Protein chains: 2
Amino acid sequence: MESKKYTLEQEQIARFAKAMGHPARMAILEFLARQDCCFFGDIHEELPIAKATVSQHLKELKEAGLIQGEIEAPKVKYCINRENWKIASMLFSNFFGQCVCKRESCCE
Amino acid sequence: MESKKYTLEQEQIARFAKAMGHPARMAILEFLARQDCCFFGDIHEELPIAKATVSQHLKELKEAGLIQGEIEAPKVKYCINRENWKIASMLFSNFFGQCVCKRESCCE
DNA sequence: AATATTGTTCGTAATTTTACGAACTCAAAA
DNA sequence: TTTTGAGTTCGTAAAATTACGAACAATATT
């Protein structure tokens, strides 16, 4: 079965979805989305987990492309990655919009 | 740190996202979304993985509430779970819509 | 130069995920 | 009643995820 693989879109949206697939990472994303940017410490304060774990989650979000971080003095500032946020937004929107139940307008 | 947990919304969207966090499951969802319903065999044909694995992925999608399956003679028919699809659609839409970069309309 | 402060990285353990073949179930057909 | 067809479940192995404390960087402050 070498032939049938997944489409790039499927891989891409799965990648975003996987990054969003943990409540801590959703909390981080929501927190960042509401204020655009903030420091590691602010994020850590919001979460019930150790800083090492927060750092790990941030790394995954960064690798998925949903956020970005830059060093600022002794602190690190994290922000939403706007380009990719837009792409993700589109992918999910298209994905949910494609269901037959939307086309048949049976869901409202 | 017993106090700070995650919100139900965060748990909920993370649950959906996690289910969508694998290309095979995205492929299944897209396939189902396009035709509303179909049999296990049709899904299996679309994917480059063993039937046991397909079955496992279907189980996870079912447990996340995104699809539902019902036995029909010797076959099993799988469909999108429309109620939850709608809920997921809303959750993701609200989530991506909340970013400051949307409110500032800097993304278009 | 010594010392905080702020995060990251390392090492590690426990759990979950992913994947497969083999064995199994269960209804329908022969 | 045996057999076939369609899927699920089981057992299992390899890999990835999640979480933590301890150790480590790197910059500011004293």
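Labels below follow one simple rule: chain letters A, B, ... track the order of the sequence lines, proteins then strands, and each chain is numbered from 1. Fair warning: this is a prediction, and the values are worked out from it, not measured in the lab. Basis for what follows: all heavy atoms, side chains included, without hydrogens, waters or symmetry-related copies.
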Using a heavy-atom cut-off of 4.0 Å across all strands, would you classify A/Glu60 as base, sugar-phosphate, or nothing?
sugar-phosphate
Give one of base, sugar-phosphate or nothing for A/Ala50, where a contact means two heavy atoms less than 4.0 Å apart.
sugar-phosphate
Salt-bridge test for B/Glu11 and B/Arg15: reply yes if a basic N is under 4.0 Å from a carboxylate O, no otherwise.
no
Measure from CG on A/Leu58 to C1' on D/dT18 and round the result to the nearest Å.
14 Å
Please list, by residue number, the residues of residues 17-25 of chain B whose heavy atoms come closer than 4.0 Å to an atom of DNA chain C; answer none if no residue qualifies.
B/Lys18, B/His22, B/Arg25
Within the structure, does a side-chain N or O atom of A/Thr53 lie under 4.0 Å from either OP1 or OP2 of D/dC20?
yes
Hey, mind stepping through A/Asp42 and A/Gln35 against side-chain contact (heavy atoms from CB on, under 4.5 Å) and telling me if it holds?
CA-CA 11 Å; A/Asp42 305 324; A/Gln35 26 188 311; 5.7 Å; no
So, OP1 or OP2 of C/dA19: does either fall under 4.0 Å of a side-chain N or O from B/His57?
yes
How long is the straight-line distance from CE of A/Met26 back to CG of A/Leu61, given to the nearest 0.5 Å?
9.5 Å
Once you round it to whole Å, what is the distance between C1' of D/dG7 and NZ of B/Lys62?
10 Å
D/dA13 P sits how many Å from B/Gln56 CD, rounded?
16 Å
Specify the separation, in whole Å, of atom CD1 of B/Ile49 and atom C1' of C/dG21.
15 Å
To the nearest 0.5 angstrom, please state how far the CZ atom of B/Arg82 sits from the CD1 atom of B/Ile80.
9.0 Å
Looking at B/Tyr78, I'd like to know whether one of its side-chain N or O atoms comes within less than 4.0 Å of OP1 or OP2 on D/dT8.
yes
Gap between atom CZ of A/Arg25 and atom NZ of B/Lys18 - 0.5 Å precision
9.0 Å
Could you give the distance from CG (B/Leu29) to CD1 (B/Ile43), rounded to the nearest 0.5 Å?
9.5 Å
Could you walk me through whether A/Phe16 and A/Ile87 satisfy the side-chain contact (heavy atoms from CB on, under 4.5 Å) test, starting with their C-alpha distance in whole Å, then the side-chain angles of each, then the deciding distance to 0.1 Å, before giving a yes or no?
CA-CA 10 Å; A/Phe16 285 135; A/Ile87 291 170; 4.2 Å; yes
I need the NZ-P distance between B/Lys51 and C/dC24, as an integer number of Å.
14 Å
Whole-Å distance, A/Asp42 CG to C/dG7 C1', equals 13 Å
How many whole angstroms separate atom NZ of A/Lys77 from atom P of C/dG7?
13 Å
Whole-Å distance between C/dT6 C1' and A/Ile43 CD1?
13 Å
Among the candidates C/dC10, C/dG7, D/dT18, find the nucleotide nearest to the side-chain atoms of A/Ala52.
C/dC10
Closest-nucleotide ordering on DNA chain D, the 5'-leading residue of B/Lys75 and A/Pro74:
B/Lys75
